[in-house]
Every structure is written in C-alpha cells, then in structure tokens.
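Every chain is numbered from 1, with letters handed out A, B, ... down the list of sequences. Every heavy atom of this structure was used, including side-chain atoms; hydrogens, water molecules and symmetry mates were not.
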Amino acid sequence: MIEWSKSQIHAFRKTLLDWYDVHGRQLPWRRDHDPYHVWVSEIMLQQTQVNTVIPYYERFMAQFPTVQDLANAPEAKLMKAWEGLGYYSRARNLQRAARQIENEHNGQWPQTAKGLQELAGIGPYTAGAIASIAFNEPVPAVDGNAFRVFARLLEIDLDIVKPQTRLVFERVIGRIMSPERPGDFNQAVMDLGASYMTAKNPDSAHSPVKAFNQAYLDGVEERYPVKSKKPKPVKVAYYGLVIQQDKRFLMQKRPSAGLLANFWTFPLIAEDDVLALSETPELVTDEERLTLLERLVQQELGLAVHVVPMGGKPVKHTFTHRQWLISLLSATVKPDADLSFFPGKWLTSDELEKTALPKVQEKLFTRIYQLGKP
DNA sequence: AAGACGTGGCT
DNA sequence: TAGCCAAGTCT
C-alpha cells in the first residue's frame, strides 16, 4: 500500500470533485438530500445494479412518500413493491427502521452515522452514506466501489472479503475524503467505480484520476481489489407439487425465517427427504420414488395425493448459495381434503396477482403454462 | 469469521 | 454455460 502526502490528497479531492460536478450522474434519488430518499435508495442499491433499482425506487416513492407512510404500510403492499428485487429482509428491515424512527425517535432522524447504525438494516456502509449525503457528516461510505477504487489507487492488497479489511479502508478513506463535501466525495467515488474504475474492463486510461491510480500506472490493475473466492452454490433437488382445482392452486407458505421467508410457493419436497424413506436410496427406481413421495406428503403435510410427472427438465433457479432443481409433478387431492395440517391454502389467480411471489415461483408458473397444463 | 440471503446482467 | 459481479447486513 502506498501513502499520499497532504498535497497529493488535496489535489486528488479537487480532481475528483471537479469531475463529479460536471459528470456526476443525475439519478432519481439525487434530486435532493432528503434522508428518506437517500436511505431508501441505498437499501435498494445493496448488491443491486442502478438500472434495476430506478423503476423500483420511483414506484416505491409514489406508494410510500414519507417515512410515516412506510411505517404504516400493510406488509403485503410493501412486499409487492419489493417483489423481484431480492434480499427481501431488506424490505422488512426498512419498515422496522421506519417504525423505530416514528416510535423511538419521535419521527426525527438520527443525524450521525453512529446513530443511524442503530436502525434495522443499516450497517456501516449505509450509515456512512446517509450521514455524509443527508447530514454532511465527514464519514466514509465504504461499499464495493470504494473498496475497488481505493484498492487500485493505493495498491491495497488486503482481502476485501474479510470484515476487518473494512476498518483499514475506513481509516484510509477518512483521511483522504473532503471534510467540506463528504457526501459529494463519497458519491463521486461510487460514480468513478461505476464508470472508469469498473470491476471488469476498466477504462483507467481515460479516468479523471488516472494520475493517482498506482495500480494502473504499474500495469497491475487486474490484481485489485484482492478478493477471495466464495463457495459455489450447493445443488438441491426438489419435487414441486402442482395441485389445482377449478382455477385455484394449492400453495404453501414458506417458514417465517430463512430463504424466501413467508413467500407462497408450490409445495416443495426435497428429493433427499424422499430418498431418506428408503433403506437403499441408491436402488430406488423412478416409480418407487413417486410412491415414497406420496407417502412423505401424507406424513408431513397431511395430504393424500396422487402424483404424475409433468415432463421436461427440472426448473433450475440459482441463488447466491443454493441451486434449486425442481421437478414438477401434477398432483391431485381429494376434493374434501383435510388441510388442517397443511401450511397453506388455495389461491385464485386473482389473489396470486396481488401477492408478492419470488422469481422461482414465477418460473414454475411459466413452465406449467408452457406445458399447457392449466 | 464465515455463511445466509435474490436477482439480473455480462462474458 | 457456469461463474462472477452489482451502492451490504445480519447472525
């Protein structure tokens, strides 16, 4: 890692802010410095690209114009507004934080990064972003852009995946950032990271700060930032039960914690759970699997079903840490089936449209319509 | 500390 | 295609 002199730091600030003043992006959440606007945009932008966020942000603000509107919003309406954005705990934490502000802070925002971090879903990055942009506090906002930009500028070779590395970057950036325009400085770093100093195919030759970019000057830009590899998603095979009567589907409500918490999906049965019913899983034939599956559904869900494969390759859906492979089965239950042990209910297409559904469930619907079953 | 937690774009 | 990446936080 290299270090800059005071004069270099001053020159860098001026170069970066002069560039930002002319070329900074005009984005919907940059129309003002309202903390609510900054906050909602920052939460949406976590692990999500700007172009994806823009339409969600506009719709969200139309539906929930103020913190109070958000605090009082029905859960279903909130989730519908977030549908498709992913990382759904962000939406639930958003509302929790809105209620914290209303109930614990008399509707007033904490105005420091330290205070903001007490709110649900606000970590060190988001706290720094809101504090600097909305309240002009001179604190760094270290996101993936800041890691990448400063790792290259200063040839910092610490692994950015390790939590302690953030502290080093915060210290370094805290010394470099403009005390007069902290919000603009942090946003300029993000714009730089999203334009010239991108992760793939950077264009540092034309970057306004190329003279400060040590990794570029040394021809080793590709090495930065140092980032250890994450494990591959684990494959998990499921049977998906398509159970319909009239124009309704029998849907299951997922547990209140974990992946896709509280969302409605077709009943999903792990293939491993089915095979576990056999003493010789490796010898089970396809036909026997279905018999075992029917037994398991009876035991675990209290449903007497008869299943028939719907054909086609399993529907594949990849999350950050799991890859689901879902084989669809058309299932029938008795018309007077006892649903008292079943964690779900019949949903009409009308109700389904008003309900937030995860992408994987939309994929399953797409598949069954392609198969022409309904 | 390391894994959980979604989705879409790009190569 | 499979894999990586995109304005992280929580446990």
Side-chain angles (χ1 to χ4, degrees), chain A residues 24-25 27-30 37-57 79 82-94 96-97 116-130 132-133 140-149 159-167 169-170 183 186-195 197-202 222 225 227-236 254-263 265 313 316-325 356-363:
Chain A
R25 288 174 292 180
L27 297 166
W29 45 90
R30 286 183 178 175
H37 298 162
V38 176
W39 172 49
V40 171
S41 70
E42 291 300 343
I43 299 296
M44 286 186 171
L45 285 161
Q46 290 170 7
Q47 305 292 286
T48 310
Q49 296 186 348
V50 167
N51 286 337
T52 302
V53 166
I54 289 173
Y56 279 94
Y57 176 83
M79 295 316 291
W82 206 268
E83 180 182 39
L85 253 193
Y87 285 148
Y88 298 96
S89 66
R90 290 184 295 174
R92 298 192 168 103
N93 283 334
L94 208 54
R96 272 186 218 128
L116 288 161
Q117 260 195 89
E118 301 301 313
L119 299 174
I122 296 186
Y125 161 72
T126 306
I130 300 172
S132 63
I133 298 169
V142 185
D143 68 338
N145 288 303
F147 274 129
R148 187 169 60 254
V149 166
D159 185 350
I160 65 169
V161 167
K162 300 199 176 300
Q164 51 200 37
T165 297
R166 161 181 300 281
L167 301 176
F169 276 74
E170 283 175 345
N186 285 333
Q187 292 183 92
V189 170
M190 296 180 218
D191 283 16
L192 197 57
S195 54
M197 298 184 67
T198 49
K200 303 278 180 171
N201 306 318
E222 305 292 322
K227 189 177 186 179
S228 57
K229 281 182 189 141
K230 292 275 171 84
K232 287 197 301 185
V234 176
K235 288 181 165 54
V236 190
R254 296 182 56 77
S256 59
L259 191 55
L260 302 179
N262 293 329
F263 278 95
T265 64
K313 285 188 298 185
K316 185 191 296 183
H317 188 81
T318 308
F319 303 95
T320 308
H321 59 300
R322 291 284 183 277
Q323 182 172 74
W324 285 4
L325 300 160
L357 294 175
K359 280 296 163 187
V360 63
Q361 178 56 48
E362 290 185 10
K363 278 189 194 177

For W82(A) and Y87(A) the tightest heavy-atom approach is NE1-O, 3.9 Å

Counting the atoms with a prime plus P, OP1 and OP2 as sugar-phosphate, which does K200(A) contact under 4.0 Å by heavy atoms, base, sugar-phosphate, or nothing?
sugar-phosphate

Would you say H321(A) places a side-chain N or O within less than 4.0 Å of OP1 or OP2 belonging to dC5(B)?
yes

Under 4.0 Å, counting only non-hydrogen atoms across every strand here, what does W29(A) touch: a base, just sugar-phosphate, or nothing?
base

How many whole angstroms separate atom CG of D159(A) from atom P of dA1(B)?
11 Å

With nearest nucleotides of DNA chain B determined for N201(A) and H317(A) from heavy-atom distances, which residue corresponds to the more 5′ nucleotide?
H317(A)

What is the separation between atom NZ on K316(A) and atom C1' on dT7(B), rounded to the nearest whole Å?
16 Å

If I compare all heavy atoms of T265(A) with all of Q361(A), which pair ends up nearest, and what's the gap?
CA-OE1, 3.2 Å

Let me spell it out: for each of P358(A) and R322(A), pick the nucleotide of DNA chain B with the closest heavy atom. Which residue's pick is nearer the 5' end?
R322(A)

dC5(C) to dG6(B) separation - C1' atoms, rounded to the nearest Å:
14 Å

Give the intermediate values and the outcome of side-chain contact (heavy atoms from CB on, under 4.5 Å) for residues H321(A) and K230(A).
CA-CA 9 Å; H321(A) 59 300; K230(A) 292 275 171 84; over 6 Å; no

Provide, to the nearest angstrom, the distance between the CZ atom belonging to F263(A) and the P atom belonging to dG6(B).
8 Å

Residues in contact with DNA chain B, drawn from residues 119-128 of chain A - heavy-atom cutoff 4.0 Å:
none

Closest non-hydrogen contact found for D143(A) with A146(A) is OD1-N, 2.9 Å

Atom pair distance, as rounded to whole Å: CD in Q49(A) and P in dC10(B):
7 Å

Scan K235(A), K363(A), Q323(A) and name whichever one has a side-chain contact (heavy atoms from CB on, under 4.5 Å) with K316(A).
Q323(A)

Within the modelled atom types, does a donor on one side and an acceptor on the other bring the side chain of T48(A) and the base of dG6(B) under 3.5 Å apart?
yes

Please lay out, stage by stage, how W324(A) and L259(A) fare under the test side-chain contact (heavy atoms from CB on, under 4.5 Å).
CA-CA 12 Å; W324(A) 285 4; L259(A) 191 55; 3.5 Å; yes

Residue whose closest nucleotide on DNA chain C lies nearer the 5' end, K235(A) versus R148(A)
K235(A)

Judged by modelled atom types alone, do Y125(A) and E42(A) share a side-chain donor-acceptor pair under 3.5 Å?
yes

Looking at G24(A) and R30(A), what are the two nearest heavy atoms and their distance?
C-NH1, 4.3 Å

Tell me the interatomic distance from L45(A), atom CG, to dG6(B), atom P, rounded to whole angstroms.
18 Å

Under 4.0 Å, counting only non-hydrogen atoms across every strand here, what does R30(A) touch: a base, just sugar-phosphate, or nothing?
base

Classify the nucleic acid contact of G258(A) as base, sugar-phosphate or nothing, counting any heavy atom under 4.0 Å across all strands shown.
sugar-phosphate

Pick the C1' atom in dG9(B) and in dT9(C), then give their distance to the nearest Å.
23 Å

Step by step, work out the side chain to side chain donor-acceptor pair (under 3.5 Å) result for R148(A) and N145(A).
CA-CA 5 Å; R148(A) 187 169 60 254; N145(A) 288 303; 2.7 Å; yes

Is there a donor-acceptor pair under 3.5 Å between the side chain of R90(A) and the backbone N or O of Q46(A)?
yes

What contact category does K363(A) fall into here, base, sugar-phosphate, or nothing, at under 4.0 angstrom with non-hydrogen atoms?
nothing

Under 4.0 Å, heavy atom to any atom of DNA chain C: which of residues 160-167 of chain A qualify?
none

What does I43(A) touch in the nucleic acid at a heavy-atom separation under 4.0 angstrom: a base, only the sugar-phosphate, or nothing?
nothing

Along DNA chain C, first and last positions that approach a heavy atom of chain A under 4.0 Å:
dA2(C) to dC10(C)

Please classify the nucleic acid contact of R25(A) as base, sugar-phosphate, or nothing, using heavy-atom distances under 4.0 Å.
base

Of all the heavy-atom pairs spanning F263(A) and A356(A), show the shortest one and how long it is.
CD2-O, 3.4 Å

Show the nearest heavy-atom pair for residues D159(A) and T165(A), with the distance to one decimal.
O-OG1, 2.6 Å

